[in-house]
A.B. asks: 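One structure coming up, written as structure tokens, with questions to follow.
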Amino acid sequence: MWKTGLLLLFWGLLTSSEFQQEATEPEPRNQPPSGKLDFGYVPQGVYKTLAYYEPGVIGILFHMVHAFLYVVQPNPFPEGKASLVQCCFDPENIVLTLQAIYYETGFMVCAVLGLLFMVLLPLVGLFFCLCRCCENCGGEMHQRQRKNADCQRGLLTTLLFATSLIITAGVLCAYAANQNLSSQLEGMKRLVSSNLKDLQTFANETPTQIDYLIAQYATAKYTVISDLDNVGPLLGGNIHVELGTEVRPALDGVLRMAGAMRETKEALENVSVSLEVLQEATGKLHFNLSLVRSSLNRTLNDPGCSDEDSDATTAQLCRSIRSSLAQLQVSANFTRLPDVNNQLESVNQVLKTGLSDIIQKGFSSFNDTPGMVSDQMRNVVEGARGMLDVISTNISSFSKVFPVHSSLANFTNFISHTQSKIEDSYPEIDQIDFYRWICCIGLCCMVVLILAFNFLAILCGTMGYDKHASPTTRGLFLAGCFLFSWILMGVVTATFLVGGNVEKLVCEPFHTKELFKVLDTPHLVNPEWRNFIPGYMYNDSDLDLTGFINPHLLPIYTTFIAITYLYRLAKMFDSVKIDLRGIVLLESEGKQSLIDFSETGVAEINYAAYLEEVNKGVTQVDLLSYTNELEAQTDLMPKGPLQTSLKGHANSLRQIHSQLVIPMEQAMSTLNQSIRLLERTASDLPNKITDVLKTIEAAQYLISQNATHVVIQETEKYKQTIVGYFRQYIEWVRTSLTMEVAACKPFSNIVDTVEIVACSFLVDSLNTFWFGLGCCALFLLPSIILSVKLAKFYRRMDTEDVYDE
């Protein structure tokens, strides 16, 4: 009763709104797994009772008796409507009565045989004595001489001796059972005392276990408080993550566009600088190439090249050089390319707005979502903390009001009083056991007396027999007794019916658990009762004791359900309104900056003209290759003023290449890269910026207008996590109350002890006792017959047969 009430306490206090809503919602909600709480181990009492019995050697006799009873009664234990118990309560049911008779057939046959033995044996003995008095039935006092007399006497003696040995074994079996029952009396006392001590341990340990269950509420409470204190990182962080799937790509797009602005500025600066350098260098290169070309023309007009007396090779070389002078021209014309100063100035004006800083503000504003949630949840957190303290106070106060300790104290007093009464009855039990032992020993002594006469007769007949002595002069001894056998069989029959039926109807089905199935059978004792125990205890047989709530505890249960603190806590979270409209992803200056960037004129640059001039190269011919070829031709000329002059011009061209052409090529490479970068950036720039603005507007609209769904979803998950801690605590309390608190081990030991004492100590010993005496009673009958037949060889006769030789 008190365990049920305690379970209701925890269930009532910790029942929250989502538990009630689960009963009304059409579809269950997916609940996130909350952190696993460790409530430790409920302290357990140490129970010393070892409800186990090993009979030892006498167990062989017990198994023999069980085998004999199985032969007598091999039918399965009756169940349900065929139960013998129900037959006892409904004797007018003919079908059940016939089934009970069929079940008891073996016992009834044995009982009838025993009764016949008890009735017929004294009558047969009486008629046998009267018959012998009339000198019949072996009563004739005349000794007849037969050739096989010695063989008959030996055979009868052997059979009587074997029969006496079997009777001796039966007496020893009965004596062993009698002694076993007396010797187990002390063990029974130890078991009873140990079980009572375990019950006291149970009563003393249970309040400690209950206090431990109550104290572990703090584990769930402080875990919840920790989550409430971290509501920003937990709830706000989850909201931030969910919104981040849409917001971060939008901010990243704006950030990339800001990077494109900086790259555009750098590229425009490179174009502007490179263009100025190339324009200036082109003029210088043109001037220097003109000078070199003029000088070469004057040198080639030297008489050494044009005289008829000059070497033919030289003249040919001069003509070749003169024909190549036209190649010494500037190829690219950068002076006609427009500058990009206007575009550069526009981009610089756009960059003055600080778009990168504006974007960082947007990131910071969005990343501050946990802080905003924490600030807006501060009142809810404070209210929840106070409510948790109220729940803790009510649990503690209710545990003091609930009469667990007083009930267990009364139970302890009851145990102590019961133990005192049991110990006071020990002397009376010992006295009863002594009387029982005396009676059993008396029965055994009756059989031992008969055995003593049998063995004494066999000994005297064998040792004192003289075949030459005349039957008219020898002594007389008659072994046989009809007096004790019927008394012995009466005791055996009575104990057999009691002990055998108890073994088959109680002990054996108890051991195989069939007895519990019978007790669970509906409408067994009373046809109108579906369940016997609730019908007997609460006068309501339809109650199901599994999960049953004691009616006396319903007012307390209803009171604490009405409190519903956690229902209010859940309502707090249901009413949470988190406003994220304070998050601004991109200010208006940033949006205008993007629009202005699309209007900087970068897309209007004539990229084709730039690329055309860049692809031409600096000069029409590779100046360095031309110089090397000129030097090679000069080396073929004879040494002289002409060769020296041409080598000087080659050196001039080499200087022009190193001082003007190489820097121009580097500037052209830079110009080429910058132009191509600008071309890629300017490609469909307005549409790109429009897409970025649409994306950032959609993300801003999601935060400002449509974030409610995400907030509700994540708040529900957070609430389920908080409630999950209490659900774990409730489940742990239920499991502990069912499996660990006030464990049924002491009561299970009591049931096992009752089975050991009643079945192993009493019933097995009783059955072994009648089994031994029954063996004696059965074999006393052939013992009497053999003794009577053997007596005629030893008793004194009046006459004998005499044969003359």
A.B. asks: Side chains of Ile722 and Asp227, heavy atoms from C-beta outward: is any pair under 4.5 Å?
C.D. replies: yes
A.B. asks: A quick test of your reading: do over 12 heavy atoms of other residues, nucleotides or ligands sit less than 6.0 Å from CD of Gln376?
C.D. replies: yes
A.B. asks: Is the side chain of Ser760 donor-acceptor paired with the backbone N or O of Val757 at a distance under 3.5 Å, no angle test?
C.D. replies: no
A.B. asks: Starting at CD1 of Ile239, measure out to CD1 of Ile578 and round the result to the nearest 0.5 Å.
C.D. replies: 4.0 Å
A.B. asks: Please walk me through it: do Gln360 and Leu255 pass side chain to side chain contact (heavy atoms under 4.5 Å, CB included)?
C.D. replies: CA-CA 9 Å; Gln360 292 303 321; Leu255 189 61; 4.2 Å; yes
A.B. asks: Does any part of the side chain of Tyr718, heavy atoms only, come nearer than 4.5 Å to the side chain of Asn238, both counted from C-beta?
C.D. replies: no
A.B. asks: Is the closest side-chain donor-acceptor distance between Gln592 and Ser588 under 3.5 Å?
C.D. replies: no
A.B. asks: Is Tyr212 close to Gln216 at the side-chain level, that is, under 4.5 Å between some pair of heavy atoms?
C.D. replies: yes
A.B. asks: I need the Ser593 OG to Met257 CE distance, nearest 0.5 Å.
C.D. replies: 10.5 Å
A.B. asks: Take the angle between the ring planes of Trp732 and Phe39 and call it parallel below 30°, perpendicular above 60°, tilted in between.
C.D. replies: parallel
A.B. asks: How many angstroms lie between CD in Glu382 and CZ in Arg385, if you round to the nearest 0.5 Å?
C.D. replies: 6.0 Å
A.B. asks: What pair of heavy atoms forms the shortest contact from Leu196 to Ile415, and how long is it?
C.D. replies: O-CG2, 3.7 Å
A.B. asks: Any chance you could lay out the side chain to side chain donor-acceptor pair (under 3.5 Å) test for Asn749 and Asp752, step after step, and finish with the verdict?
C.D. replies: CA-CA 5 Å; Asn749 286 338; Asp752 293 338; over 6 Å; no
A.B. asks: Do you know the tightest heavy-atom contact between Gly582 and Ser365?
C.D. replies: O-OG, 3.9 Å
A.B. asks: State, yes or no, whether a side-chain contact exists between Leu355 and Leu586 at a heavy-atom distance under 4.5 Å.
C.D. replies: yes
A.B. asks: Considering all heavy atoms of both residues, which atom of Gly244 and which atom of Pro249 are nearest to each other, and what is their separation?
C.D. replies: O-CD, 3.5 Å
A.B. asks: Between Ser226 and Tyr222, is there a donor-acceptor pair closer than 3.5 Å when you use the side chain of the first and the backbone of the second?
C.D. replies: no
A.B. asks: As an exercise, state the distance from OG of Ser364 to CG of Asp368, rounded to the nearest 0.5 Å.
C.D. replies: 8.5 Å
A.B. asks: Taking the side chain as everything from C-beta on, heavy atoms only, tell me whether Ile750 gets closer than 4.5 Å to Asp198.
C.D. replies: no
A.B. asks: Work out which heavy atom in Leu580 is nearest to a heavy atom in Met372; give both atom names and the distance.
C.D. replies: CA-CE, 4.1 Å
A.B. asks: May I have the step-by-step check of side chain to side chain contact (heavy atoms under 4.5 Å, CB included) for Val602 and Thr681, ending in yes or no?
C.D. replies: CA-CA 8 Å; Val602 176; Thr681 303; 5.5 Å; no
A.B. asks: Is Tyr729 close to Leu37 at the side-chain level, that is, under 4.5 Å between some pair of heavy atoms?
C.D. replies: no
A.B. asks: Can you tell me how far apart CG (Asn195) and CD (Gln419) are? Round to the nearest 0.5 Å.
C.D. replies: 10.5 Å
A.B. asks: Is a side-chain donor or acceptor of Thr201 paired with a backbone partner of Lys197 at a separation under 3.5 angstrom?
C.D. replies: yes
A.B. asks: Taking C-beta and beyond as the side chain, do Lys265 and Asn348 meet within less than 4.5 Å on heavy atoms?
C.D. replies: yes
A.B. asks: Could you tell me whether the side chains of Ser346 and Thr600 share a donor-acceptor contact shorter than 3.5 Å?
C.D. replies: no
A.B. asks: Specify the closest pair of heavy atoms between Gly232 and Ser374, including all atoms of both residues, with the distance to one decimal.
C.D. replies: CA-CB, 4.0 Å
A.B. asks: Rounded to the nearest 0.5 Å, how far does CG of Asn230 lie from CD1 of Ile225?
C.D. replies: 12.0 Å
A.B. asks: Before giving the answer on side chain to side chain contact (heavy atoms under 4.5 Å, CB included), spell out for Val254 and Leu693 the whole-Å C-alpha distance, their side-chain angles and the decisive distance to 0.1 Å.
C.D. replies: CA-CA 8 Å; Val254 179; Leu693 290 174; over 6 Å; no
A.B. asks: Tell me the closest heavy-atom pair linking Ile583 and Gln700, and the distance in Å.
C.D. replies: O-NE2, 2.8 Å
A.B. asks: Any side-chain heavy-atom pair from Glu697 and Lys591 closer than 4.5 angstrom?
C.D. replies: yes
A.B. asks: In sequence, state the C-alpha distance, the side-chain angles, and the governing distance for Glu589 and Ile358, and then conclude on side chain to side chain contact (heavy atoms under 4.5 Å, CB included).
C.D. replies: CA-CA 8 Å; Glu589 293 84 353; Ile358 294 174; 3.8 Å; yes
A.B. asks: Report yes or no: does Thr369 contribute a side-chain atom to a donor-acceptor pair with the main-chain N or O of Phe366 at less than 3.5 Å?
C.D. replies: yes
